Amino acid sequence: MGSLGMLSRRTLGTDMPVMTQIRKLMAELTNPMSLAQGVVHWQPPQKALDKVKEIVWDPTTSSYGPDEGIPELREALQKKLREENKLFKSHVMVTAGANQAFVNLVLTLCDHGDSVVMFEPYYFNAYMAFQMTGVTNIIVGPGHPETLYPDADWLERTLSESKPTPKVVTVVNPGNPSGTYVPEPLLKRISEICKDAGCWLIVDNTYEYFMYDGLKHSCVEGDHIVNLFSFSKTYGMMGWRLGYIAYSERLEGFATELVKIQDNIPICAAIISQRLALYALEEGAGWVVERVKGLVKNREIVKEALEPLGKENVKGGEGAIYLWAKLPEEHRDDFRVVRWLAHRHGVVVIPGCASGSPGHVRVSFGGLQEEEMRAAAERLRKGLEELVHRGMVE
Ligand SMILES: Cc1ncc(COP(=O)(O)O)c(C=O)c1O
C-alpha cells in the first residue's frame, strides 16, 4: 500500500517543502548557524504569557470554540484592523496560522483546473497550497528586475488575455522571500486590475509591522479582496499557530463556505493560542515595532556579509526579515551552493529555486540576536568570498 501509485497525484505533484529539506541538511551538520527559516528571535510578550499560565485549568481552554474564533479576539482584531490597517468593513476568521488561512482560501475560492497568478519570487508554501489542492495552472508573473515589485502591466495584460480569467491573484506584502514591499499606489493598481477582471486578490500581510527606512505598510479593502495576517513573527508566536483572515462583511456566501473548510480542518484555532493572541494585542503594535527596530542592525550585518556577491546583486530587505541575493552565473544550482555553504562553512540559507527563482538565495535576518547574527554572517561572508574567488572547493 506504500507504493507511489496508491498516493494522491495532487500531493505527489506538490513540491517538497523546502524547510523540511533544510532541517534534514542541518541535522547532517555539527554546530550549524541558520539564516534559513523565517523566524524571529523573540518570544511573546511576558505579560501575555503570564496571563496564559493562569488559564490552563479553565475548562473552556480545553474545549472547542466557535469555528471563526472566540468573540473577544475577533472583536479585538476588528478594532485593530480598523485602527491600524484602515480596513473598516472586514469580518474576521481566526485560523491556525496564515498558512492554514491560505489553504482555507484556496479551497473556498478555487476549483481543480482554475488558473491563479503569483509573482516571482513567490512564497513557496502558497505555491504548494495551490498544487496540493489540484490548482496546478499557476501563472507566475515577473517582478521588476530592480525593485522586484510585482509587474502590474504584465498582470493587466495577462488577466485580459487568459481565458478563462484566472481566479485568484496573490501578493505578499512585504514579501517573502524578497523582503520588498508593495507601495500603496501599486497595491491599489493591482487591486483595480483584479476588480476589473473579476478575480480575487489575496494579500498576505504576515510581515505588516516589519518595515524599515520610514516606509509604510498599507492594506486595500474591497469585495474582491481577502487579507491575511499572522501572529507568528509579529508577537513571536510561531509555535502557537495563530493567524486570521479579513474579508468583506458583504460577502455572506463566502463566509458560509469558508466555515465548511474551517470546520473540517482545525475546527477552531487552539483556544489557548487565541487567548495568548488576545493578551498580546493588549501590548499592541508598539511592542512589535520596538523589536522590529532592533532588526535594522541585523539587516546591515547580513547585507555586509552578502557584499562578495556584488552590491547590485543584493535586493529586498525594505520589509519583512529577508534579503534576496543573486548568485554568480556559474552557480545557478542554488541548492548545491546551499549544501556547500552548510557543509563547508556551517551556515544555512534558503535556495531561490524553492520560490521559482533558481540562482538566488534568501537570507533571513530575523532569527538571531545581534552577536549570534555577527557570527553567522561572518561564516556567510567567508563562504561567499570563497565561492566567488575559488568556487565550491572541498
Ligand atoms: C508570507 C508568509 N505567509 C505565511 C507564513 C506562515 O505564517 P503562519 O506561521 O502564521 O502560518 C509565513 C511564514 O514564514 C510567511 O512568510
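A quick note: this is a predicted structure, and the numbers were derived from the prediction, not measured. Numbers for residues simply follow the sequence, beginning at 1. Counting convention: from 1, in listed order, for ligands and their atoms alike.
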Novice: Between Y127 and F102, is the ring centre distance below 6.0 Å?
Specialist: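 That pair fails the under 6.0 Å test.
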Novice: Near ligand 1, which residues have a heavy atom under 4.0 Å away from one of its atoms?
Specialist: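 For ligand 1, the residues that come within the 4.0 Å heavy-atom cutoff are G97, A98, N99, Y123, V172, N176, D204, T206, Y207, S230, S232, K233, R241.
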Novice: Is R390 paired with E385 through a side-chain N to carboxylate O contact shorter than 4.0 Å?
Specialist: no
Novice: How far does OH of Y247 sit from CH2 of W200, to the nearest 0.5 angstrom?
Specialist: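 Here the interatomic distance stands at 11.0 Å.
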Novice: For the atom pair CD1 (I301) and CD (E370), what is the distance rounded to the nearest 0.5 Å?
Specialist: 4.5 Å
Novice: Kindly indicate whether the side chain of M128, heavy atoms from C-beta on, has any atom under 4.5 Å from the side chain of P17.
Specialist: yes
Novice: Which donor-acceptor pairs under 3.5 Å do the side chains of residues 163-175 make with protein atoms, sequence neighbours left out?
Specialist:
from, atom 1, to, atom 2, distance (Å)
K163, NZ, S160, O, 2.8
K167, NZ, L109, O, 2.9
K167, NZ, D114, OD2, 3.1
T170, OG1, I202, O, 3.2
N173, OD1, V182, N, 2.8

